[in-house]
K.L.:
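Pasting in a structure now, in structure tokens, and then I'll have a few things to ask.
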Amino acid sequence: MKYLSIFQYAYLIFAGLFLYNVWETYNKTGAVNYPYLLLAGLAVFMFFFRRRFRQKFQDRNNKS
């Protein structure tokens, strides 16, 4: 269970890295790096999805 919690926050770290890349690219060239923006959004979505999944899994184990 501890590993799921750690990997859950790894998605936020990756989202931050992707957003940093988008920001740097925009400042240098003025163009928006849409693939990295999409990956950042996907990483944030995965964070919330995994958190909800982990909570449901814990609740189910606590009831048993």
Side-chain angles (χ1 to χ4, degrees):
M1 269 312 192
K2 189 81 167 168
Y3 296 114
L4 291 176
S5 176
I6 293 170
F7 285 117
Q8 168 184 324
Y9 289 103
Y11 286 114
L12 288 181
I13 293 169
F14 283 117
L17 291 173
F18 291 141
L19 288 174
Y20 178 75
N21 189 339
V22 170
W23 181 68
E24 282 292 316
T25 304
Y26 183 74
N27 283 336
K28 289 180 182 176
T29 64
V32 178
N33 196 350
Y34 288 110
Y36 278 100
L37 194 59
L38 179 66
L39 285 173
L42 182 64
V44 170
F45 168 77
M46 285 300 295
F47 167 75
F48 288 111
F49 178 78
R50 298 285 270 183
R51 184 175 70 170
R52 184 169 181 215
F53 176 76
R54 186 177 56 85
Q55 288 173 350
K56 281 186 173 183
F57 190 70
Q58 282 179 344
D59 288 344
R60 187 176 61 189
N61 283 342
N62 289 339
K63 287 181 182 178
S64 298

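All values below were derived from every heavy atom in this structure, side-chain atoms included, with hydrogens, water molecules and symmetry-related copies excluded. Just so we're clear, the structure is a prediction, and the values are computed from it rather than from any experiment.
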K.L.:
Verify the cluster assignment for M46 and F7: are they in a single hydrophobic cluster under the rule of side-chain heavy atoms below 4.5 Å apart?
P.N.:
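Looking at the clustering, F7 is in a separate group from M46.
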
K.L.:
With rounding to the nearest 0.5 angstrom, report the CG to CZ distance, L12 to R51.
P.N.:
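Result: 9.0 Å between the selected atoms.
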
K.L.:
Which heavy atom of F47 sits nearest a heavy atom of Q8, and at what distance?
P.N.:
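Residues F47 and Q8, closest heavy atoms: CD1-O, 3.1 Å.
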
K.L.:
I need the N62 CG to F57 CZ distance, nearest 0.5 Å.
P.N.:
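If we round to the nearest 0.5 Å, N62:CG and F57:CZ are 10.5 Å apart.
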
K.L.:
Only one of N21, N27, V22 forms a side chain to side chain contact (heavy atoms under 4.5 Å, CB included) with T25, so which one is it?
P.N.:
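The side chain to side chain contact (heavy atoms under 4.5 Å, CB included) with T25 is passed solely by N21 among N21, N27, V22.
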
K.L.:
Taking the inter-plane angle between the rings of Y20 and W23 on a 0 to 90° scale, is it parallel (under 30°), tilted (30 to 60°) or perpendicular (over 60°)?
P.N.:
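If you compare the ring of Y20 with that of W23, the planes turn out tilted.
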
K.L.:
If every non-hydrogen atom of L37 is compared with every non-hydrogen atom of V32, which pair is closest and at what distance?
P.N.:
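Minimum heavy-atom contact is CD2-CG1, 4.2 Å.
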
K.L.:
Are Y34 and F18 connected in the hydrophobic side-chain network, where two residues link if heavy atoms are under 4.5 Å apart?
P.N.:
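Yes; F18 is reachable from Y34 via cluster members.
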
K.L.:
Any chance you could measure Y11, atom OH, to F48, atom CZ, to the nearest 0.5 Å?
P.N.:
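Here the interatomic distance stands at 14.0 Å.
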
K.L.:
Identify the heavy atoms of V44 and A15 that sit nearest to each other, and give their distance.
P.N.:
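Distance-wise, the nearest heavy atoms are CG2-CB, 3.8 Å.
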
K.L.:
Quick check on the hydrophobic clustering: are Y36 and L38 connected, directly or via other members, by side-chain heavy-atom contacts under 4.5 Å?
P.N.:
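No, it is not one cluster - the side chains of Y36 and L38 are not joined through contacts under 4.5 Å.
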
K.L.:
So, taking the atom named NZ in K56 and the one named CG in N61, what distance separates them when rounded to the nearest 0.5 Å?
P.N.:
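The distance works out to 14.0 Å.
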
